[in-house]
Every structure is written in structure tokens, then in C-alpha cells.
2 protein chains.
Amino acid sequence: MEKIQELQEIFLKEGLRYTKQRETIWQEINSSTEHRDAEDIYFTLKTRGVATSRATVYRTIEVLVRNNLVRALNIGDGRYRYENKLDQTHHDHLVCTECGKIIEFLNENVEQQQEQVARDHGFTLVRHIHQLFGVCEECQKN
Amino acid sequence: MEKIQELQEIFLKEGLRYTKQRETIWQEINSSTEHRDAEDIYFTLKTRGVATSRATVYRTIEVLVRNNLVRALNIGDGRYRYENKLDQTHHDHLVCTECGKIIEFLNENVEQQQEQVARDHGFTLVRHIHQLFGVCEECQKN
DNA sequence: AACTTACTTGAGACTCAATCTCAATTAAGT
DNA sequence: ACTTAATTGAGATTGAGTCTCAAGTAAGTT
């Protein structure tokens with residue numbers, strides 16, 4: 001996988017060593033499209049027999065987020081979820097308040113309006129958080 | 001102020017007693033248009049000589065938020081800010097990542113698109129978080 | 001290959017916002 | 001005034017995340 005090259009280059013660029021733990025954490029986040037929290041990643045690695053610690057998980061995720069390999073998601077319940085950026089396309093999230101299901105969406109119109117709002121107030125837009133909370137079809141039935 | 005009547009009715013409706021602490025906390029949040037955190041509200045009351053505790057502040061804010069008298073704002077730095085809803089109009093927030101300034105904005109187009117996105121995925125929209133992060137005009141100069 | 005040096009790791013201590021506990025207090029109905 | 005159940009508050013607890021520092025290790029040097 002040539003993606004591992006990119007990972008190595010990022011650590012090189014940051015003046016950081018390329019270690020087994022860092023690679024494993026990156027692989028774990030890339031292994032699914034789920035939105036997982038740090039504790040989950042930590043325990044999955046532990047269960048899989050990979051030696052690691054919370055400190056290393058958090059430290060590595062910090063580097064990955066800073067370098068845009070992973071996205072941190074704050075859905076307001078006090079802990080971040082992380083998603084890989086393998087698919088590259090930007091999107092926001094629609095969260096079911098009943099079952100926690102997370103659906104990704106993209107609305108170009110909204111994206112443009114955001115730029116407009118920032119311009120109107122003299123801001124240079126850096127990033128945005130846009131999350132819709134509602135009840136999904138299945139949960140509405142229950 | 002007839003707003004206090006509404007406050008009393010809400011506590012009545014919830015089967016809660018109307019106490020000096022609860023009224024004072026509500027007044028404190030209504031006393032400015034700032035976006036303040038719980039600790040700030042707690043200390044301001046303390047400084048003003050009003051006996052209270054963190055527990056009471058948090059418990060009261062919970063009731064106020066639930067009853068739509070106060071809005072909780074999660075700007076991603078680990079602690080909620082609270083704003084009063086005296087002006088009634090819905091808005092979202094544009095936050096300066098340098099100086100922390102918070103500007104309120106409303107974009108009808110975006111509001112409509114949000115409803116559309118929810119519909120498209122079979123969701124019933126309950127609420128949303130929409131925050132733009134950027135650098136304000138003053139901070140760009142520095 | 002052995003040596004050196006500085007970066008990394010991990011167990012557990014610590015932080016900080018927020019919640020919980022429970023004895024003392026108090027609102028509000030009788 | 002009496003009764004009773006809700007409320008308060010000091011401090012303990014929780015939980016996500018960060019920090020500490022001795023032990024481990026990557027990678028360059030001899």
C-alpha cells in the first residue's frame with residue numbers, strides 16, 4: 001500500500017520516528033469507515049495483542065489529525081470520534097439522536113453559503129462544523 | 001419583568017420548586033449577551049455574594065436549556081458556553097480561532113438546505129450545530 | 001557490531017469540566 | 001407552626017484527555 005509511504009514521509013517531515021505503534025494506530029483507524037473514539041481504538045489494539053497505551057494513541061492521533069490523515073469529529077457528547085480520510089471527499093454529518101447512527105452528507109449549496117457568511121463578516125474561513133441531529137427512519141418507527 | 005413569570009411557570013410545570021438560586025442563575029445568564037461558561041457564571045455569582053455551588057449552577061442550567069430559556073454552545077474546546085434566548089431569533093456562530101470572538105449569523109438558505117438533507121435521508125430534524133471557524137479582520141492584520 | 005544519543009513508549013499520576021452523594025436546609029402545602 | 005419532600009452545597013467521584021519520567025528503542029556514528 002503506497003499510503004504507508006505517505007505516512008512515513010509525514011513522520012519524516014515532522015522530525016518524528018517511524019514506529020510500529022504509530023503505524024498500527026494509523027492502520028486501525030483506516031481499517032473501517034466507522035467513527036470510533038480513542039478508547040475504542042486503544043482497546044481494539046490491546047485485544048489484538050498490540051502493545052500500546054492511551055498516551056501513545058492520543059499522541060499519534062494528534063499527529064495524524066494535524067497532517068490531515070484523520071479527521072476528528074466532535075458530536076457534542078464529550079468524546080471525539082475519528083474517521084479516516086481515505087476517500088478524500090469532504091462531508092458533514094447527520095446523527096441519529098436515538099441510535100447514534102452517523103450518516104455523511106455533502107451539500108454544495110451550504111458549502112458556498114458558508115464562504116459567503118465568512119466573507120460578509122471579514123473572516124477568512126479555516127474550517128467548519130456542521131452537524132444535523134434528528135431521528136432516523138428506523139428509530140421513528142419505534 | 002414578566003419574563004420571570006414564564007420562569008416560574010416552567011419550574012411549576014416541571015414540578016420543581018422556585019428558589020432564589022434558580023432565579024439568580026437565570027438572571028445572571030440574562031444579564032449579558034456574552035457566551036459564558038458555567039465556571040464563569042458560578043464565580044460571578046460568588047463574587048456578587050450570592051450563595052451557590054457548581055452543582056446548583058449545572059443543575060439549573062440543565063433545566064433552563066431543556067426548557068429553551070438558555071442555549072448551550074459547544075465550540076469544541078471542552079466546555080459549554082451559554083447564551084440567553086431573550087432575543088428569540090435563531091442563529092449560528094462564526095468563531096475567530098485567534099481571539100475567540102463569537103459572531104452570530106443566520107442564513108435562511110442554509111436553514112432550508114438542512115431540512116432538505118434530513119428529508120433526503122429519512123430523518124426528522126431535531127436540531128443542528130453549525131459553526132464556522134476562521135480568522136477575523138483584526139486578527140488577520142496581526 | 002557495538003556505541004551513542006535523542007526520541008518514543010507506557011504505567012500511572014494528574015487535570016479539568018461536569019456529575020454525584022448525602023446530610024443539612026428550605027419551599028410550600030396542611 | 002408543622003410536616004414533608006425537594007433543594008442546596010461541600011466535597012467526592014467520574015471520565016476523557018494530558019503529563020511525567022524511567023525504561024526501551026530507532027537510527028546515526030565509529
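Numbered from 1 within each chain, the chains take letters A, B, ... in sequence-line order.
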>> Reading DNA chain C from 5' to 3', where do the contacts with chain A start and stop? Cut-off is 4.0 Å to heavy atoms.
In response: C/dA6 to C/dA11
Any ion pair linking [Y] and [X] (charged N to carboxylate O, less than 4.0 Å)?
X     : Y     : answer
A/R81 : A/E34 : no
B/R54 : B/D40 : no
B/R36 : B/E28 : yes
B/R66 : B/E62 : yes

[X] [atom1] to [N] [atom2], straight-line distance once rounded to whole Å:
X     : N      : atom1 : atom2 : value
A/L73 : D/dG17 : CG    : P     : 12 Å
B/Y58 : D/dT14 : OH    : P     : 18 Å
A/I41 : D/dA16 : CD1   : C1'   : 14 Å
A/I75 : D/dA16 : CD1   : P     : 13 Å
A/R22 : D/dA27 : CZ    : P     : 11 Å
B/F11 : D/dT7  : CZ    : P     : 9 Å
B/L16 : D/dA5  : CG    : P     : 16 Å
A/Y18 : D/dT25 : OH    : P     : 18 Å

> More 5' along DNA chain D: A/E62 or B/K20, using each one's nearest nucleotide?
Replying inline: B/K20
>> Let me spell it out: for each of A/Y82 and B/R59, pick the nucleotide of DNA chain D with the closest heavy atom. Which residue's pick is nearer the 5' end?
In response: B/R59
>> For B/Y82 and B/Y80, take the angle between the two ring planes, folded into 0 to 90°, and tell me which bin it lands in: parallel under 30, tilted 30 to 60, perpendicular over 60.
In response: parallel
>> Using a 4.0 Å heavy-atom cut-off, does B/R54 contact any base of the nucleic acid, only the sugar-phosphate backbone, or nothing at all?
In response: nothing
> If you look at every strand shown and take non-hydrogen atoms under 4.0 Å, does B/R79 touch a base, only sugar-phosphate, or nothing?
Replying inline: sugar-phosphate
For [N], take OP1 and OP2 only and decide whether either is under 4.0 Å from a side-chain N or O of [X].
X     : N      : value
A/T19 : D/dA26 : no
B/T52 : D/dG9  : yes
A/Q21 : D/dT25 : no

> Heavy atoms, side chains only, cut-off 4.5 Å: are B/K3 and B/N30 in contact?
Replying inline: no
>> So B/H121 and A/L132, do their side chains get closer than 4.5 Å, heavy atoms only?
In response: no
> Hey, which of these two, B/E39 or B/R17, hits DNA chain C nearer its 5' end, going by closest nucleotide?
Replying inline: B/E39
> What's the closest nucleotide to the A/A55 side chain, out of D/dC19, D/dG17, D/dA26?
Replying inline: D/dC19
